[in-house]
Amino acid sequence: MHTLRLCITIVWRLITMKQKKMWLVILLSFFVIFLTYYIKSQPKKTTASKTTQLLGTIITAEVYGVHSEESLTLAFNRVKEIENKMSRYIPRSEVTLINEYAGEKPVPISEDTYFVLATALEYAEKTHGAFNPVLGNIVELWGIGTPGAQIPSQEALDQFLPYLDYDKLVLSKNPYTAYLSCDKIKIDLGAIAKGYAGDEMARILSEEGIESGILNLGGNVVVIGKKPDNSLWTIGVQNPLETERGEIAGIIKPLDTSVVTSGSYERFFEEDGIRYHHILDPATGYPAQKDVISSTIISPSSTIADALSTAVYILGKDQGLMLIESLPNVEAILITDKHEVYTSSGVKDDFFTLKSKEFTNEKR
Ligand code: AMP
Ligand code: MG
């Protein structure tokens, strides 16, 4: 090392001033060429977006980062995988098989389905059964969102209502299995699977290096970081009095979290001037009608936010807010039938802004 430094010093002293300048220019040129090449060879950050129908809803995603197109493909493939396991409309899905073998035998399931079913049971317990993952038969009787939607007879409802006990869904690990120990119940994950799919999309995109994005799974929104221009993402809370999508009641500015809304405007039919919507109260078998007409839950876990948005809609404002205040990392924005907006204690002014004059802000 010492000898090398000595050699360089000797050579440097021997060459003339003119030669020194020339060498400096050559070295500098090499440095500039190398730097340009290095910058050009770095992967470029781009925006990519995609819209697809999966899990019975329209899913849109817009992401920004390196390999944005490829990352989106991976994320959407994952949703397809989740749909194939958890949809009860897919003939050989895991959920279909659990339902088919109800009262007969346990069915092998994947870790994904185990996780979602276990979370569903946890939140069924926490919401005192308002969120109930085994009311598939009641959902089928109503058929809301299908061409055959109808008001079921009380007799038809009574065939299943007394059996809506989620403890009859028995899970086990090593190997993962699920068993419905009563043949009068069926699993329906319509109120939680989209949340899980949102979490999985966000996880894959982040692992792939996506630093900014917004995912919308039919009203379940997940945001990754900030917008590419470094400002916060803005999400509109749908005006529940309007059935047209895009009319907003207020806006939310979230960061790295999920915002999930359940509302009676999402799927419904009307008969004799009465709206029959898709959020069913397991206590009555009828569409829930306490006092909440839109329930928005904010949580870093979209799975949990999804289960809770459905449950809080059913529980109503007082019980719903009490539940949300008792849980960590969860906030709520509720709109009531009296057009009042109630927020949980963690919802700050700069996070949620009421925009529509049709509603009043009731709690801060
Ligand atoms: P969401 O839009 O997340 O509130 O979920 C509504 C969907 O979940 C419905 O279309 C049904 O498939 C299912 N569902 C309805 N009522 C309940 C309930 N009380 N508990 C669990 N799932 C429900
Ligand atoms: Mg839900």
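Every heavy atom of this structure was used, including side-chain atoms; hydrogens, water molecules and symmetry mates were not. Atoms within each ligand, like the ligands themselves, are counted from 1 in listed order.
Backbone and side-chain nitrogen or oxygen atoms of L280 are examined, and one is located within less than 3.5 angstrom of a nitrogen or oxygen of ligand 1.
Within 6.0 Å of OH on Y101 lie no more than 12 heavy atoms contributed by other residues, nucleotides or ligands. Within a 6.0 Å radius of CD in Q154, more than 12 heavy atoms belonging to other residues, nucleotides or ligands are found.
Side-chain contact of T113 with S110: a donor-acceptor pair under 3.5 Å is present, judged by distance alone. In summary, the side chains of S172 and T177 do present a donor paired with an acceptor at a separation below 3.5 Å, with no hydrogens or angles considered. Neither side chain, T51 nor T60, offers a donor N or O lying under 3.5 Å from an acceptor on the other.
Each of the following atoms of ligand 1 lies closer than 4.0 Å to a heavy atom of S262: 1 (P), 3 (O), 4 (O). For ligand 1, the atoms sitting less than 4.0 Å from at least one non-hydrogen atom of D306 are 3 (O), numbered in the order shown with element in parentheses. With ligand atoms numbered from 1 in the order given, ligand 1 contributes 1 (P), 3 (O), 4 (O), 5 (O) to contacts under 4.0 Å with heavy atoms of T310. The ligand atoms of ligand 1 that sit less than 4.0 angstrom from a heavy atom of D188 are 11 (C), 12 (O), 13 (C). Atoms of ligand 1 lying under 4.0 Å from at least one heavy atom of A130, given by number and element, are 18 (C), 19 (N), 20 (N). Against a heavy-atom cut-off of under 4.0 Å, N132 is close to the following atoms of ligand 1: 18 (C), 20 (N), 21 (C), 22 (N). Atom numbering of ligand 1 starts at 1 in the shown order; those under 4.0 Å from a heavy atom of E266 are 2 (O). Near L135, meaning under 4.0 Å from one of its heavy atoms, ligand 1 places the atoms 17 (C), 18 (C), 19 (N), 21 (C), 22 (N), 23 (C).
Atom CD in E104 sits 14.0 Å away from atom CD1 in I98 (nearest 0.5 Å).
Ring geometry for W142 versus Y286: interplanar angle over 60°, hence perpendicular rather than tilted (30 to 60°).
Atom 15 (C) of ligand 1 has its closest protein heavy atom at H278 O, 3.2 Å.
For H278 (side chain) and V139 (main-chain N/O), no donor-acceptor pair under 3.5 Å exists by modelled atom type. In terms of modelled atom types and a separation under 3.5 Å, the side chain of S212 and the main chain of K226 share a donor-acceptor contact.
For D112, the salt bridge (Lys or Arg N to Asp or Glu O under 4.0 Å) partners at least two apart in sequence or on another chain are R78, K85.
Using a 4.0 Å cut-off between charged side-chain N and carboxylate O, E340 and K317 make no salt bridge. Salt-bridge annotation for R88 and D188: present, with a side-chain N of the basic residue lying under 4.0 Å from a carboxylate O of the acidic one.
Residue A191 holds the heavy atom nearest to atom 22 (N) of ligand 1 of all those in G136, A191, P133.
Within the protein, the N, O or S atoms lying under 2.8 Å from the Mg ion (ligand 2) are A191 O, D306 O, D306 OD1, T310 OG1.
Of the heavy atoms in N220, none comes closer than 4.0 Å to ligand 1. Looking at P282 against ligand 1, only its side chain comes within 4.0 Å, counting heavy atoms.
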